[in-house]
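As structure tokens, the structure follows; a few thoughts come after it.
In what follows, chains are A, B, ... by sequence order, proteins preceding strands, each numbered from 1.
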Amino acid sequence: AQTVTQSQPEMSVQEAETVTLSCTYDTSENNYYLFWYKQPPSRQMILVIRQEAYKQQNATENRFSVNFQKAAKSFSLKISDSQLGDTAMYFCAFMKPYSEKLTFGTGTRLTIIP
Amino acid sequence: EAGVAQSPRYKIIEKRQSVAFWCNPISGHATLYWYQQILGQGPKLLIQFQNNGVVDDSQLPKDRFSAERLKGVDSTLKIQPAKLEDSAVYLCASSLGRGGEGLSYEQYFGPGTRLTVT
């Protein structure tokens with residue numbers, strides 16, 4: 001079974017700074033997908049960024065980028081120029097192909113300080 | 001495009017009572033998921049539907065939980081009887097379909113229903 005570990009329960013950073021959230025996972029699969037989801041206080045989960053394991057290039061979406069280290073089974077999220085609206089819970093998630101079943105980590109609560 | 005709708009947003013019941021949650025997925029989405037999110041944890045998949053058929057219900061406590069997706073559109077999740085440990089947020093999500101190698105469809109989540117069992 002796959003497991004996802006987020007070792008930082010809480011983080012805070014000043015507005016406009018850069019912050020990196022950590023995620024490690026355990027799997028015997030060679031091909032899979034990794035995701036970062038954001039859950040603001042409204043509770044609605046929103047996809048931030050995704051990475052296919054067979055792609056070596058790290059995914060980027062505007063201010064969000066990942067550092068995907070397949071051999072180390074590490075998948076960190078970097079948020080540049082952080083904004084107050086980035087305050088939320090962030091969940092790392094894993095998915096095997098064909099299953100569409102997401103396995104989530106326990107989350108990191110990120111607070112952006114004005 | 002309308003998002004995933006869920007109701008109610010909040011529900012408080014006593015243990016041993018029954019409760020039902022409703023979900024309306026995004027139009028055209030074939031796959032529907034119910035997740036349970038206990039406070040301080042990430043969501044855990046309870047059941048996955050493909051159209052009106054069950055794909056995965058391996059983590060659904062079938063002695064007390066049931067779910068259905070009639071006509072492959074709306075879905076209801078029921079708990080009977082409820083226990084204190086069922087207190088959680090119940091999230092519904094939908095996606096276009098089942099992916100495969102090199103293809104994965106994004107899951108869109110609803111706002112969830114917060115259940116408190118006293």
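- Comparing B:Lys44, B:Gln41, B:Gln107 by how many heavy-atom pairs each has under 4.5 Å with chain A, the most go to B:Gln107.
- Residues satisfying the ring-ring contact (aromatic ring centres under 6.0 Å, His included) criterion with A:Tyr37, sequence neighbours excluded, are A:Phe104, B:Phe109.
- Considering A:Thr108, A:Thr20, A:Thr111, A:Ile112 in turn, A:Thr108 is the only one that fulfils the side chain to side chain contact (heavy atoms under 4.5 Å, CB included) rule with A:Met11.
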For this session: Please lay out, stage by stage, how A:Tyr32 and A:Tyr54 fare under the test side-chain hydrogen bond (donor to acceptor under 3.5 Å, both in side chains).
Result: CA-CA 8 Å; A:Tyr32 46 87; A:Tyr54 60 86; over 6 Å; no

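- For chain A, no part of B:Gln6 is nearby; none of its heavy atoms comes within less than 4.5 Å.
- When only modelled atom types and interatomic distance are considered, B:Gln59 and B:Asp57 share no side-chain donor-acceptor pair under 3.5 Å.
- Contact annotation for A:Gln39: only side-chain heavy atoms (C-beta onward) come within less than 4.5 Å of a heavy atom of chain B.
- The shortest distance between side-chain heavy atoms of A:Lys101 and B:Ser58 falls below 4.5 Å.
- When heavy atoms are compared at a cutoff of 4.5 Å, B:Thr113 approaches chain A solely by way of its backbone atoms N, CA, C and O.
- Residue A:Ile46: no heavy atom, backbone or side chain, is found under 4.5 Å from chain B.
- Its side chain within the 4.5 Å cluster rule, B:Leu84 clusters with B:Ile13, B:Val19, B:Phe21, B:Leu32, B:Trp34, B:Leu46, B:Ile47, B:Phe49, B:Val54, B:Leu60, B:Phe65, B:Leu77, B:Ile79, B:Tyr90, B:Leu115, B:Val117 among the Ile, Leu, Val, Met, Phe, Trp and Tyr residues.
- Note on B:Gly112, B:Gly42, B:Pro43: by heavy-atom pairs under 4.5 Å with chain A, the leading option is B:Pro43.
- The most heavy-atom pairs under 4.5 Å with chain B, out of A:Gln6, A:Gln44, A:Arg43, come from A:Arg43.
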